[in-house]
A.B. asks: 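Let me give you the structure first, and then I'll get to my questions.
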Amino acid sequence: MKYWLMKSEPSELSIDDLKARPRGTAPWDGVRNYQARNYMRDDMKKGDQILFYHSSCPEPGVVGIAQVVREAYPDPTAFDPKSHYYDPKSSPDKVQWMMVDVKFVRKLKRVIGLQELKAERKLDGFALTRRGNRLSVMPVTKQQWDTVVGME
DNA sequence: GCCAACGTTGGC
DNA sequence: GCCAACGTTGGC
C-alpha cells in the first residue's frame with residue numbers, strides 16, 4: 001500500500017464536500033499535468049491512503065484522509081467541450097487524461113497548516129513543501145505520513 | 001491582485 | 001534541440 005497527498009481547492013471539492021457525496025466517493029477529475037497523471041495512472045492502487053490537502057484558500061493545509069477506491073480510468077471531462085477541463089487534443093480513442101476515484105475516510109481533528117508542515121524538521125524534503133512545487137498529486141513516504149498524521 | 005516558479009508551446 | 005513567450009499554480 002502506498003501513500004499520497006492530493007490537493008483540492010475547497011471551493012471546488014472540500015473534505016466536507018467529499019464526505020457529503022454518495023458513499024463519500026468522488027472522481028478526481030481535471031488533472032492536466034503529466035506527472036500527476038502518471039502517478040494516478042501507473043502507481044495508485046485501490047486501498048492507497050491519501051492526505052487530503054486544501055489549496056488556494058484562507059487556511060491551506062492537510063485537512064483529512066481519503067483512500068483510492070477505483071484505479072485509473074479515462075477522465076470524461078477531457079472529452080466534454082462544455083467542461084472547464086476540456087482538452088481538444090484528447091478523445092475517447094486517444095485518451096490523454098486519467099483519474100481515480102477517492103473515498104472519504106476521516107477528517108483530521110484540526111487543520112495541519114502549511115506553515116506548520118514547513119516548520120517540521122522531520123518533513124525536510126517533503127514534496128509538498130519543496131520550493132516551487134505545484135504538483136496536485138504527489139507521493140508520500142510512510143515516515144512522512146506518520147509524521148503528518150502524528151501532528152494532528 | 002501580485003508575483004515566483006514551473007510546465008507547455010511553438011518558432012527557428 | 002534551444003529558448004522566449006505564455007499560461008497556470010498557489011501562497012500571500
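All heavy atoms count here, side chains included; hydrogens, waters and symmetry mates do not. Order of the sequence lines fixes the chain letters, A, B, ..., with proteins taken first and strands second; residue numbering starts at 1 for each chain.
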A.B. asks: Do A:Asp101 side-chain atoms and A:Val68 backbone N/O form a donor-acceptor pair below 3.5 Å?
C.D. replies: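 Such a contact is absent between A:Asp101 side chain and A:Val68 backbone.
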A.B. asks: Classify the nucleic acid contact of A:Glu59 as base, sugar-phosphate or nothing, counting any heavy atom under 4.0 Å across all strands shown.
C.D. replies: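 The answer is nothing, as A:Glu59 stays clear of every strand by at least 4.0 Å.
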A.B. asks: Would you say A:Ser14 and A:Asp17 are linked by a side-chain donor-acceptor pair, where the criterion is simply a distance under 3.5 Å?
C.D. replies: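 The answer is yes; a qualifying pair exists.
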A.B. asks: Test A:Asp42 against A:Arg37 for salt bridge (Lys or Arg N to Asp or Glu O under 4.0 Å), laying out the working first.
C.D. replies: CA-CA 8 Å; A:Asp42 304 333; A:Arg37 179 208 61 187; over 6 Å; no
A.B. asks: Which residue pairs pass the side-chain hydrogen bond (donor to acceptor under 3.5 Å, both in side chains) test when at least one of the two sits in residues 111-130 of chain A, sequence neighbours left out?
C.D. replies: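 Non-adjacent pairs meeting side-chain hydrogen bond (donor to acceptor under 3.5 Å, both in side chains): A:Arg110-A:Glu116.
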A.B. asks: First and last nucleotide of DNA chain C touching chain A, 5' to 3', heavy-atom cut-off 4.0 Å?
C.D. replies: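 So the contact region on DNA chain C extends C:dG7 to C:dC12.
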A.B. asks: Within the structure shown, what part of the strands sits under 4.0 Å from A:Arg131 by heavy-atom distance: base, sugar-phosphate, or nothing?
C.D. replies: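 Sugar-phosphate contact only.
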A.B. asks: Over all strands shown, is A:Ser56 touching base, sugar-phosphate only, or nothing at heavy-atom distances under 4.0 angstrom?
C.D. replies: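 Answer is base: heavy atoms of A:Ser56 come under 4.0 Å of a base.
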A.B. asks: Give me the atom names and distance for the closest heavy-atom approach of A:Trp28 to A:Val31.
C.D. replies: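 Between these two residues, the closest heavy atoms are CD1-CG2, 3.7 Å.
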